[in-house]
2 protein chains.
Amino acid sequence: MADEDCVRGDAALTRAFAILGTRWTGLLLGQLGHGAAGYRELSRAIGKVSDSVLSERLTTLAEAGLVKRTVLEGPPVAVTYELTDAGRALIPVLGQISDWAEEHLPA
Amino acid sequence: MADEDCVRGDAALTRAFAILGTRWTGLLLGQLGHGAAGYRELSRAIGKVSDSVLSERLTTLAEAGLVKRTVLEGPPVAVTYELTDAGRALIPVLGQISDWAEEHLPA
DNA sequence: ATAGCCACTTCGAAAAAGCTAGCAACTAGG
DNA sequence: CCTAGTTGCTAGCTTTTTCGAAGTGGCTAT
């Protein structure tokens, strides 16, 4: 691998982990891989994330273009979150991480 | 996917991100994918990680069995870190994350 | 009316990360 | 001998991130 490739690869990995390396984000994306969900649905699925951090993570993911936030005007008003194409492209990778953990990280 | 599979997958993903979801860990593993390295070499390569956190991350990775810490008695005494088989198994996945970021996360 | 749900927001507390001086073990140069 | 540098951490204090829980407004049900 040429130095240029190494440098570019590391910069991309840095950008990826600027997102994935924050607490809860990987699990959030994994959960959304099962399908669109509301805020409280996500909160219950992840279980141990605080409201303020869940809200902030969803905002960050929406701003990064990985998640689409849709307001349903109701009544009652509701918000759903779903993966964009960019977000969905990560799901097979998350599956591989999961497989890796099954094999290499004891329960 | 049966519920049991979903549950198991999510538990594994949780275990994976208990490690990958901490700051610097993904980049550290990516750097070690280029080959064994000493502490200061890793510090310089990552660039923005503090000494105390780097030390703690390496300890965590060694305890989880992803990294092997080897003391070279010298003189001068030196320590090298290298990926174990378990750690190395993650490198192709990190490569895919990097490819994904190249395509979906603008620089 | 109360009580519950939802999707957040706010604010102070706790945990994680950062900063940096310091240590011991070394090397190099004056 | 000294100083100055390297390495691989550690300790203690500071800053940032996450947490926990109360709160808001918009709704539904009793």
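So you know, we letter chains A, B, ... as the sequences are listed, proteins then strands, and number each from 1.
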Open item on the list: Counting only heavy atoms from other residues, nucleotides and ligands, does the tally under 6.0 Å from CD of A:Glu82 exceed 12?
Closed with: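 Yes, enclosed.
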d([atom1], [X]; [atom2], [N]) in whole Å:
X	N	atom1	atom2	result
B:Arg44	D:dG8	CZ	P	9 Å
B:Tyr39	C:dC26	OH	P	19 Å
A:Asp51	D:dA22	CG	P	12 Å
B:Leu54	D:dG8	CG	P	10 Å
A:Leu42	C:dC6	CG	P	12 Å
B:Lys48	C:dG18	NZ	P	11 Å

Does [X] place a side-chain N or O at less than 4.0 Å from the phosphate oxygens OP1/OP2 of [N]?
X	N	value
A:Ser50	D:dC19	yes
B:Arg23	D:dT16	no
A:Ser52	D:dT18	no

TODO: Please determine if B:Arg40 and B:Asp51 form a salt bridge, counting it only when a charged side-chain N lies under 4.0 Å from a carboxylate O.
DONE: yes
Open item on the list: Regarding B:Ser55 and B:Ser52, do their side chains bring together a donor and an acceptor under 3.5 Å, going by distance alone?
Closed with: no
Task: Close residues, residues 56-76 of chain A, relative to DNA chain C [heavy-atom separation under 4.0 Å] - done: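 The stretch gives A:Arg69 as the residues lying under 4.0 Å from the strand, ordered by number.
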TODO: Kindly point out which of D:dT10, C:dC8, D:dG8 is positioned nearest to the side chain of B:Ser55?
DONE: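 For B:Ser55, the side-chain atoms sit closest to D:dT10.
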Open item on the list: Let's see if you can work this out: which of D:dT18, D:dG8, C:dA7 has an atom nearest to the side-chain heavy atoms of A:Arg40?
Closed with: C:dA7
TODO: Indicate yes or no: at least one non-hydrogen side-chain atom of A:Ile19 is less than 4.5 angstrom from one of A:Arg57.
DONE: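 No, too far: nothing below the 4.5 Å cut-off.
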